[in-house]
**Student:** 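Okay, here's the structure, questions in a sec.
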Amino acid sequence: MFALVDCNNFYVSCERVFNPKLEGKPVVVLSNNDGCCVARSNEVKALGVQMGAPWFQLKDLARQHGIIALSSNYCLYGDMSNRVMTILRDFSPNIEVYSIDESFLQIDGLIGVWKSYGEMGQAIRQKIRIWTGLPVCVGTGAGSKTLAKLANHLAKKRPEFDGVCDLTSLTEMQQAEYFASLDIGEVWGVGRQISARLRSMGIENVQQLRQACPKQIRLHFGVVMERTVNELQGMSCLELDEVAPANQQIIASRSFGAPVVTYDELRESVTSYMLRAAEKLRRQHSMCSAVHVFIHTNRFREQDAQYSNGVTVPLTEASSDSRRLVAAVLHGLKSIYRPGYLYKKAGVMLLDLTPAAVRQQLLFREENPRSDKLMQTMDLLNREYGRNTVSLGSAGIQQRWAARFESRTPRYTTHWDELPHARS
DNA sequence: TCTGGGGTCCTAGGACCC
DNA sequence: TCTGGGGTCCTAGGACCC
């Protein structure tokens, strides 16, 4: 059994916690450069403003209705998010933080603690409201994550649920009725393209999709949609991912407030993006063996000459060292930069990421071909306790690695006897 | 004048191997 | 004269998510 807890209008709600005067007023939070709306209060949604709408197109509407626009403050939102997730961990030990404003909870054994999943949902809502000031909705009593998402949607849209929709409290008939009222586009994993194709097949609401034959769907849409249909039928295909896996790629990019022309300006931006990206890389204890850099002109200005290009630069050796990564990325930038264009956006990507510990093990294996028994043991422990739990820890070996990596030896040196159950 | 910034997974097709 | 059958790995592109 799953529950999905999702904060309402998250960024706007965070702002309201610290500025109660915004309560009840139409508020939007804007993206970088105050470009697009990335969060809307209910009052703004009621005016028909879409997610991602360009702010400059809304100026008239904003004047008419007194819409208040705020620049985004991601530090604040991240902090508030942590508070919410901490509270949720009190309710279930098994939680997957799915995004900044929502989490899945596994709630199987908890029905002994609460009278119903609905009661549990209300308790969650109240506690988060009191402790953080944030409003949340809960979809609960769902046999799959996809159903939990839908239940949450109902909790948000249908006032009769009072913010908590417990699917187990509904009869099969009631469920069918509610699902029939929902557009397929509301289903997790069904976006614009797939909606259109499903519609052309006569499948327009969730109930119809739920009754579709998974094998048929697979034929038309592939294995991902097949899973979605199975999930809608209550067969759970998506597990709870409690430990967030390390990122497979890291991006840092920005649009410029004003167009950029010279190489020097681009170089400065790209350098700072790379420093940010490299920081993220080290925070997750990875190394990367290729970097990508890209630049674009403004695609919305059709009257301007357009140019966009990107290049991937392989590194001779995996690294997390800022200087090396910056050097590589500037090398790439030089090769794609063309003078005479008005650049609007630039960015870097770190690719081919490997956990530093795994990288060390590979090197060690190269240098010590007869150590397979040791490596097997380490693999076993890493499988048991999670990746990167153990690595090779003797001082001599560490020194050799340090020499190889020149700077910053990644710190994966847990000693075996510090592990829980080390003896067994 | 002004249009965000991150991520993931799957598939098809080509190169290459024996 | 006749030209198989089984793989892997990589990449680009498309779809989706928040």
Side-chain angles (χ1 to χ4, degrees), chain A residues 4-11 28-40 49-60 62 69-74 77-78 81 96-104 145-146 149 152-153 184-198 217-228 231 237-239 241 244-259 269 273 276-277 280-281 284 289-290 292 294 296-304 310-312 314 342 344-353:
Chain A
L4 177 68
V5 181
D6 192 316
C7 303
N8 304 350
N9 317 329
F10 183 56
Y11 298 166
V28 294
V29 172
L30 302 175
S31 63
N32 182 41
N33 287 330
D34 293 343
C36 301
C37 300
V38 291
R40 303 154 293 156
V49 174
Q50 296 298 306
M51 178 68 173
W55 173 236
F56 77 91
Q57 289 177 358
L58 300 175
K59 289 271 165 76
D60 283 343
L70 305 168
S71 297
S72 41
N73 178 353
Y74 290 103
Y77 312 147
S81 173
E96 171 186 348
V97 178
Y98 177 66
S99 76
I100 192 164
D101 74 332
E102 59 187 306
S103 273
F104 289 102
K145 288 163 96 176
T146 304
K149 277 274 211 184
N152 188 283
H153 182 79
I184 36 170
E186 303 299 342
V187 176
W188 194 30
V190 178
R192 275 227 312 279
Q193 309 294 324
I194 292 176
S195 291
R197 283 168 59 199
L198 282 170
I217 293 291
R218 177 176 191 148
L219 248 46
H220 287 93
F221 298 92
V223 58
V224 182
M225 273 301 292
E226 183 192 24
R227 268 202 293 265
T228 298
E231 284 246 317
C237 305
L238 302 170
E239 295 174 8
D241 288 321
N247 284 346
Q248 299 176 25
Q249 55 177 241
I250 291 170
I251 303 180
S253 71
R254 283 284 178 279
S255 299
F256 306 126
S269 302
Y273 301 159
R276 268 206 350 250
K280 284 194 213 169
L281 181 73
Q284 70 165 38
S289 29
H292 183 89
F294 61 87
H296 296 306
T297 50
N298 189 344
R299 66 194 161 101
F300 293 106
R301 289 185 58 90
E302 287 168 15
Q303 65 270 38
D304 291 355
V311 63
T312 302
L342 299 171
K344 177 64 178 171
K345 181 172 182 176
V348 304
M349 288 166 76
L350 303 184
L351 306 169
D352 270 352
L353 271 43

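On a predicted model such as this, the values are computed, not experimentally measured, just so you know. Chain identifiers are assigned alphabetically (A, B, ...) following the order of the sequence lines, protein sequences preceding nucleic acid strands; residue numbering begins at 1 within each chain.
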**Student:** Closest approach of A:Ser81 and A:Phe10, non-hydrogen atoms and distance?
**Tutor:** N-CZ, 3.9 Å

**Student:** Evaluate the criterion salt bridge (charged side-chain N to carboxylate O under 4.0 Å, His left out) for residue pair A:Glu102 and A:Lys149; output intermediate values, then yes/no.
**Tutor:** CA-CA 10 Å; A:Glu102 59 187 306; A:Lys149 277 274 211 184; 2.8 Å; yes

**Student:** Measure the distance from CG on A:Leu238 to C1' on B:dC10 and round it to the nearest whole Å.
**Tutor:** 14 Å

**Student:** Tell me what A:Trp188 touches on the nucleic acid: a base, only sugar-phosphate, or nothing, going by heavy atoms under 4.0 Å.
**Tutor:** sugar-phosphate

**Student:** Taking only residues two or more places apart in sequence or in another chain, which ones pass side-chain contact (heavy atoms from CB on, under 4.5 Å) with A:Asp304?
**Tutor:** A:Arg301, A:Gln306, A:Leu342

**Student:** Looking at B:dC9, I'd like to know if its phosphate oxygens (OP1 or OP2) sit under 4.0 Å from a side-chain N or O belonging to A:Arg227.
**Tutor:** no

**Student:** Rounded to the nearest angstrom, tell me the gap between atom OH in A:Tyr77 and atom C1' in B:dG4.
**Tutor:** 13 Å

**Student:** Where along residues 189-197 of chain A does a heavy atom fall under 4.0 Å from DNA chain C?
**Tutor:** A:Gly189, A:Val190, A:Gly191, A:Arg192, A:Gln193, A:Ile194

**Student:** May I ask you to check whether A:Ser255 and A:Asn33 show a side-chain donor-acceptor distance below 3.5 Å?
**Tutor:** no

**Student:** Which heavy atom of A:Thr312 sits nearest a heavy atom of A:Leu351, and at what distance?
**Tutor:** CG2-CD1, 4.0 Å

**Student:** Strictly under 3.5 Å: I want the nitrogen or oxygen pairs between protein and nucleotides 5-7 of chain B, one per line.
**Tutor:**
| from | atom 1 | to | atom 2 | distance (Å) |
| --- | --- | --- | --- | --- |
| B:dG5 | OP1 | A:Asn32 | ND2 | 2.7 |
| B:dG5 | OP1 | A:Ser255 | N | 2.8 |
| B:dG5 | OP2 | A:Ser255 | N | 3.3 |
| B:dG5 | OP2 | A:Ser255 | OG | 2.9 |
| B:dG5 | O3' | A:Arg254 | NH1 | 3.4 |
| B:dG6 | OP2 | A:Ser253 | N | 2.3 |
| B:dG6 | OP2 | A:Ser253 | O | 2.4 |
| B:dG6 | OP2 | A:Ser253 | OG | 3.4 |
| B:dG6 | OP2 | A:Arg254 | NH1 | 3.3 |
| B:dG7 | OP2 | A:Ile251 | N | 2.5 |

**Student:** If you assign each of A:Val223 and A:Tyr74 to its closest nucleotide in DNA chain B, which residue comes earlier from the 5' end?
**Tutor:** A:Tyr74

**Student:** Quick one: bend of the helix from B:dG5-C:dC18 to B:dC18-C:dG5 from 5 pairs per end, to 10°?
**Tutor:** 10°

**Student:** Between A:Lys145 and A:Glu239, does a salt bridge (charged side-chain N to carboxylate O under 4.0 Å, His left out) hold up when you go through it step by step?
**Tutor:** CA-CA 8 Å; A:Lys145 288 163 96 176; A:Glu239 295 174 8; over 6 Å; no

**Student:** Classify A:Val29 by what it touches in the nucleic acid, base, sugar-phosphate, or nothing, heavy-atom distance under 4.0 Å.
**Tutor:** nothing

**Student:** Round to the nearest Å and state the distance from A:Phe294 atom CZ to B:dG4 atom P.
**Tutor:** 12 Å

**Student:** Rounded to whole Å, how long is the line connecting atom CZ of A:Phe300 with atom C1' of B:dT3?
**Tutor:** 4 Å

**Student:** For A:Leu353 and B:dT8, what is the distance between atoms CG and C1' respectively, to the nearest whole Å?
**Tutor:** 14 Å

**Student:** Would you mind reading off the distance between A:Tyr11 atom OH and B:dG4 atom P, rounded to a whole angstrom?
**Tutor:** 15 Å

**Student:** Heavy-atom distance under 4.5 Å between the side chains of A:Leu70 and A:Leu30, does that happen here?
**Tutor:** no

**Student:** Mind checking if A:Asp101 touches a base, just sugar-phosphate, or nothing, with heavy atoms under 4.0 Å?
**Tutor:** sugar-phosphate

**Student:** Need to verify one output field. Residue with the more 5' nearest nucleotide on DNA chain B, A:Val224 or A:Val38?
**Tutor:** A:Val38

**Student:** I'd like to check the side chain to side chain donor-acceptor pair (under 3.5 Å) partners of A:Arg218; sequence neighbours left out, ordered by chain and number.
**Tutor:** A:Glu226

**Student:** Does a side-chain heavy-atom distance below 4.5 Å link A:Asp352 with A:Gln249?
**Tutor:** no

**Student:** Is any side-chain heavy atom of A:Tyr77 closer than 4.5 Å to a side-chain heavy atom of A:Val29?
**Tutor:** yes

**Student:** Taking atom P of B:dT1 as reference, at what distance in whole Å does atom CH2 of A:Trp55 sit?
**Tutor:** 18 Å

**Student:** Closer than 4.0 Å, any side-chain N/O of A:Arg301 to the OP1 or OP2 of B:dT1?
**Tutor:** no

**Student:** For the residue pair A:Tyr74 and A:Ser72, what are the closest heavy atoms and their distance?
**Tutor:** CE1-OG, 3.3 Å

**Student:** Let me know the distance between OH of A:Tyr98 and P of C:dC16, rounded to the nearest Å.
**Tutor:** 13 Å

**Student:** With sequence neighbours excluded, what pairs up with A:Tyr273 under the side chain to side chain donor-acceptor pair (under 3.5 Å) test?
**Tutor:** none

